[in-house]
Amino acid sequence: MPKQKLQNKEYLTKEEVQKIRDKSFEIDRLDHVKDIFIFCCYTGLAYADVEKLTGKEIKKGLDGEMWVMVNKTSIQLPSALLPEAAAILNKYQNNPTNAIKGNLLPVVSNQKMNAYLKEIGDVCAINKNITFHMARHTFATTISSE
């Protein structure tokens, strides 16, 4: 049986996440992508989950806190709705694109997200190949360990 190579999954450090969070973009497309990426850094959601996220998946848990509850192969996977993620949902509460699609965030194609994230990384002087999937690894390694 061939040996599998272990791959190091890239993620952002706390400082790199903060750099992106703090950066203000005058170009709407970059600002939206930044926000959605940061939202996923704080929830661990995959692109497919955030793309179809609606208000039905935001629920109050038994602990009284708000949770993001997405279904994966008939299993509900909860993720705490941290204040940083909740603030992003509030920011886009009245976004016209969301009203048309019925979603909570104005998500563009994964290909465009990754292209815009490259721009964001360049502007923020982060020397990593930032992809949307990196948000999940960032959640698992950086955000969850705080």
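As the structure is a computational prediction, the values presented were derived from the model and not from experiment. Positions are given from 1, in the same order as the sequence printed here.
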Atom CG of Asn129 and atom OG1 of Thr131: how far apart are they, to the nearest 0.5 Å? 6.5 Å

Are Tyr116 and Ile27 packed together at the side-chain level, in the sense that at least one heavy-atom pair is separated by less than 4.5 angstrom? no

Can you run down the salt bridge (charged side-chain N to carboxylate O under 4.0 Å, His left out) pairs that involve residues 107-120, sequence neighbours left out, and say none if there aren't any? Arg29-Glu119

Do Lys14 and Gln18 have side chains that approach each other closer than 4.5 Å (heavy atoms only, starting at C-beta)? no

Any chance you could measure Glu10, atom CD, to Thr141, atom OG1, to the nearest 0.5 Å? 11.0 Å

Less than 4.0 angstrom from a charged side-chain N to a carboxylate O is my criterion; do Lys23 and Asp31 meet it? no

What's the verdict on side-chain contact (heavy atoms from CB on, under 4.5 Å) for Phe132 and Val50, showing C-alpha distance, side-chain angles and the deciding distance? CA-CA 11 Å; Phe132 198 81; Val50 76; 3.9 Å; yes

pair Leu104-Tyr92: side-chain heavy atoms closer than 4.5 Å: no

Pair Leu117-Asn114, side-chain contact (heavy atoms from CB on, under 4.5 Å): steps then yes or no: CA-CA 5 Å; Leu117 283 170; Asn114 287 329; 4.1 Å; yes

If we only count heavy atoms from C-beta on, is the Met113 to Val107 side-chain gap below 4.5 Å? yes

For Gly121 and Ile130 the tightest heavy-atom approach is CA-CD1, 3.7 Å

Decide whether Tyr11 and Phe37 are clustered together by the hydrophobic rule: side chain heavy atoms of Ile, Leu, Val, Met, Phe, Trp, Tyr closer than 4.5 Å, transitively. no

The test is side-chain contact (heavy atoms from CB on, under 4.5 Å); show your working for Leu82 and Thr43 and say whether it passes. CA-CA 7 Å; Leu82 298 173; Thr43 61; over 6 Å; no

Looking at Asn127, I want to see if its CG is surrounded by more than 12 non-hydrogen atoms of other residues, nucleotides or ligands under 6.0 Å. no

Nearest atoms (heavy-atom pairs only) where Tyr47 meets Val108: OH-O, 2.7 Å

First locate atom CZ of Arg21, then atom CG of Asp35, and finally report the distance between them rounded to the nearest 0.5 Å. 10.0 Å

Leu53 CG to Met69 CE distance, which is reported to the nearest 0.5 Å: 12.5 Å

After noting the C-alpha distance and the side-chain angles of Ser79 and Phe139, does the key distance pass the side-chain contact (heavy atoms from CB on, under 4.5 Å) rule? CA-CA 11 Å; Ser79 178; Phe139 174 75; 4.0 Å; yes

Are the ring centres of His32 and Phe25 closer than 6.0 Å? no

In terms of heavy-atom contacts, Lys59 and Lys56 come closest through CE-O, 2.9 Å

Heavy-atom pair with the smallest gap, counting every atom of Ala85 and Tyr42: CB-CB, 4.1 Å

When Thr13, Val17, Ile20 are each screened for side-chain contact (heavy atoms from CB on, under 4.5 Å) with Ile126, the one that passes is Ile20

Distance (rounded to the nearest 0.5 Å) between Lys34 NZ and Ser24 OG: 6.0 Å

May I ask you to say whether Lys60 pairs ionically with Glu65, meaning some side-chain N is under 4.0 Å from a carboxylate O? no

From CD1 (Ile100) to CG (Asn95), nearest 0.5 Å: 9.0 Å

Donor-acceptor contact present, side-chain Asn103 to main-chain Glu51, <3.5 Å: yes

